[in-house]
Amino acid sequence: MRLVLVGPPGAGKGTQAQYIAAQFAIPKISTGDIFRANVSEGTELGMTAKKYMDAGDLVPDEVTSAMVRERLKEDDAADGFLLDGFPRTVPQAETLDEILGDLGQGLDVVLELVVDDEEVIRRLSGRRTCRNCGHIWHVDFDPPSREGICDDCGGQLFQRDDDKSDTVRHRLEVYAEQTAPLIAFYAEKGVLVGIDATGPVDDVTERAIAALRPFA
Ligand code: ADP
Ligand code: AMP
């Protein structure tokens with residue numbers, strides 16, 4: 001299955017991606033994770049991306065699309081993938097079509113996680129991520145059994161710099177202006193499926209898997 005997840009920051013894309021990718025045995029490709037790994041390693045790409053990420057802005061399309069083009073050429077993506085956080089603009093979506101066309105592939109489905117702004121702000125303000133394995137937690141909604149420690153691997157949890165409140169509001173504006181137009185773009189192509197992404201994480205996973213099964 002070739003799948004894209006869309007939805008505002010905090011909708012639960014990364015959380016659901018963990019379970020969906022495992023269920024359908026496809027690699028999860030998160031552009032945010034790739035940028036963050038480059039920032040921690042201090043690569044040139046990381047240094048370029050960091051200033052945009054800290055401001056809550058999008059990294060320029062050419063930089064992001066070139067990175068995804070390379071990633072999708074890797075062997076593990078040959079028979080399917082889940083893209084989390086890409087595309088985020090209509091030009092990125094057009095580039096994705098081109099990249100897949102060059103590889104003789106096409107998208108099967110775009111899953112939209114539907115959540116309102118207030119819920120998203122509550123989710124982002126309590127998000128914690130494992131420094132070691134990347135598992136996503138929430139201090140209230142999905143807490144690990146020991147505060148600050150990942151249940152999966154024992155790693156330390158951290159709060160993302162861009163989850164501090166001013167940046168969150170700006171990221172939601174950026175989503176509304178630059179990313180939300182993708183919903184109409186993919187609806188017109190007939191590949192969009194939307195699910196209600198509110199309620200417990202497990203319930204959302206069940207809804208997502210049920211919506212995606214016909215495309216597997
Ligand atoms: P995104 O990748 O879309 O930005 P995340 O998957 O990182 O969003 O989720 C944002 C925060 O919301 C995380 O702290 C996560 O634990 C929490 N979260 C995810 N799904 C739910 C849910 N169904 N209910 C409550 N909190 C959730
Ligand atoms: P995420 O982890 O998906 O919330 O992404 C974190 C940050 O990485 C975003 O706020 C952007 O600055 C950057 N980023 C991730 N994916 C993209 C993308 N497809 N296009 C541009 N910037 C991106």
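Given the structure is predicted, the values throughout are model-derived calculations rather than measurements. Order of appearance sets the numbers: ligands from 1, and atoms from 1 within every ligand. Below, each value reflects all heavy atoms present in this structure, side chains not excepted, and no hydrogens, waters or symmetry copies.
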Problem - Any side-chain donor near an acceptor of the partner, His135 and Asp151, under 3.5 Å - result: no

Exercise for the section: Look at atom 11 (C) of ligand 2 and say which protein heavy atom is nearest, naming residue and atom and giving the distance to 0.1 Å. Expected result: Asp57 O, 3.5 Å

Problem - ligand 2-proximal atoms of Lys13, by part, heavy-atom distance under 4.0 Å - result: neither

Practice task
Heavy-atom contacts with Pro8 under 4.0 Å: which atoms of ligand 1 show up? List them by number with element.
Solution key: 3 (O)

Exercise for the section: Could you tell me which atoms of ligand 2, counted from 1 in the order shown, lie closer than 4.0 angstrom to a heavy atom of Phe86? Expected result: 19 (N)

Handout entry: Pair Asp161 + Lys164, salt bridge at N-O below 4.0 Å
Key = yes

Practice task
May I ask you to say whether Asp33 pairs ionically with Lys28, meaning some side-chain N is under 4.0 Å from a carboxylate O?
Solution key: yes

Problem - atom 6 (C) of ligand 2 - nearest protein heavy atom and its distance - result: Arg160 NH2, 3.4 Å

Handout entry: Nitrogen or oxygen of Lys13 less than 3.5 angstrom from that of ligand 1
Key = yes

Exercise for the section: Indicate yes or no: does an N/O atom of Tyr52 lie under 3.5 Å from an N/O atom of ligand 2? Expected result: no

Problem - Contact atoms of ligand 1, heavy-atom distance to Val201 under 4.0 Å - result: 20 (N), 21 (C), 22 (C), 23 (N)

Handout entry: Straight-line distance of Leu107 CG to Lys189 NZ, nearest 0.5 Å
Key = 8.5 Å

Fill in the blank from the handout: In this structure, atom 8 (O) of ligand 1 is nearest to the protein heavy atom Gly12 N, 3.2 Å

Exercise for the section: Show which atoms of ligand 1 fall inside a sub-4.0 Å distance from at least one heavy-atom site of Phe141. Expected result: 25 (C), 26 (N)

Practice task
Assess whether atom CD of Gln156 is packed by more than 12 heavy atoms of other residues, nucleotides or ligands within 6.0 Å.
Solution key: no

Handout entry: Separation of Arg2 CZ from Asp108 CG (nearest 0.5 Å)
Key = 6.5 Å

Practice task
Return yes or no for this condition: an N or O of Pro9 is under 3.5 Å from an N or O of ligand 1.
Solution key: no

Exercise for the section: Examine Gly14 against ligand 1 and note whether any of their N/O atoms are separated by less than 3.5 Å. Expected result: yes

Fill in the blank from the handout: shortest atom 16 (N) of ligand 2-to-protein heavy-atom contact is with Thr31 OG1, 2.8 Å

Practice task
Please examine the side chains of Glu98 and Arg69, heavy atoms only from C-beta on, and report whether any two atoms are closer than 4.5 Å.
Solution key: yes

Fill in the blank from the handout: Checking heavy atoms under 4.0 Å, the part of Thr64 that sits near ligand 2 is side chain

Exercise for the section: Check whether any side-chain N or O of Thr167 sits under 3.5 Å from a backbone N or O of Asp163 as a donor-acceptor pair, and report yes or no. Expected result: no

Handout entry: Atom pair CG (Leu58) and OG1 (Thr179), whose distance is rounded to the nearest 0.5 Å
Key = 5.5 Å

Problem - Protein heavy atom at shortest distance from atom 18 (N) of ligand 1 - result: Arg123 CD, 4.0 Å

Exercise for the section: Identify whether the distance between the nearest side-chain nitrogen and carboxylate oxygen of Asp61 and Arg88 falls below 4.0 Å. Expected result: no

Exercise for the section: Would you indicate which of Arg171, His170, Met53, Lys50 comes nearest to atom 8 (O) of ligand 2 when only heavy atoms are counted? Expected result: Met53

Problem - atom 14 (O) of ligand 1: the protein heavy-atom neighbour that sits closest, reported with distance to 0.1 Å - result: Trp137 O, 2.7 Å

Practice task
Run down the list Thr89, Val59, Val63, Leu124 and name the one with the heavy atom closest to atom 22 (N) of ligand 2.
Solution key: Val59

Completion exercise
Of Leu113, Asp202, Leu212, Asp196, the one forming a side-chain contact (heavy atoms from CB on, under 4.5 Å) with Arg207 is Asp196

Exercise for the section: Check each heavy atom of Met67 against ligand 2 and say whether those closer than 4.0 Å belong to the side chain, the backbone, both or neither. Expected result: neither

Completion exercise
for atom 15 (C) of ligand 2, nearest protein heavy atom and its distance come out as Arg88 NH1, 3.4 Å

Handout entry: Distance-only donor-acceptor check, side chains Thr198 and Glu119, under 3.5 Å
Key = no

Practice task
Say whether Arg127, considering both its backbone and side-chain N or O atoms, lies within less than 3.5 Å of an N or O atom on ligand 1.
Solution key: yes

Exercise for the section: Looking only at protein heavy atoms, identify the closest one to atom 23 (C) of ligand 2 and say how far it is in Å. Expected result: Phe35 CE1, 3.7 Å

Problem - Polar atom proximity, Thr15 to ligand 1 (N or O, under 3.5 Å) - result: yes

Handout entry: Gap between atom CZ of Phe81 and atom CZ of Phe86 - 0.5 Å precision
Key = 10.0 Å

Practice task
State the atoms of ligand 1, each with its element, that fall below the 4.0 Å cut-off from a heavy-atom position in Ala11.
Solution key: 3 (O), 8 (O)

Handout entry: For Ile29, the option from Leu83, Leu82, Asp84 that meets side-chain contact (heavy atoms from CB on, under 4.5 Å)
Key = Leu83

Handout entry: Enumerated ligand 2 atoms positioned under 4.0 Å from heavy atoms of Gln92
Key = 18 (C), 19 (N), 20 (N), 21 (C)

Practice task
Check the pair Asp54, Asp162 against side-chain contact (heavy atoms from CB on, under 4.5 Å), reporting the backbone distance first and the verdict last.
Solution key: CA-CA 6 Å; Asp54 286 348; Asp162 60 350; 5.9 Å; no

Practice task
Calculate, to the nearest 0.5 Å, the distance between atoms CD and CG belonging to Glu173 and Asp57 respectively.
Solution key: 10.0 Å

Practice task
Flag Gly10 as yes when one of its N or O atoms lies below 3.5 Å from any N or O atom of ligand 1, and as no otherwise.
Solution key: yes

Handout entry: Reported CZ-to-CG distance for the pair Arg128 and Asp142, which is rounded to 0.5 angstrom
Key = 13.0 Å

Exercise for the section: Please say whether Asp84 places an N or O atom under 3.5 Å from an N or O atom belonging to ligand 1. Expected result: no

Problem - Contact (N/O only, under 3.5 Å) between Gly199 and ligand 1 - result: yes

Handout entry: For Gly85, the ligand 2 atoms whose distance to one of its heavy atoms is below 4.0 Å
Key = 16 (N), 17 (C), 18 (C), 19 (N)

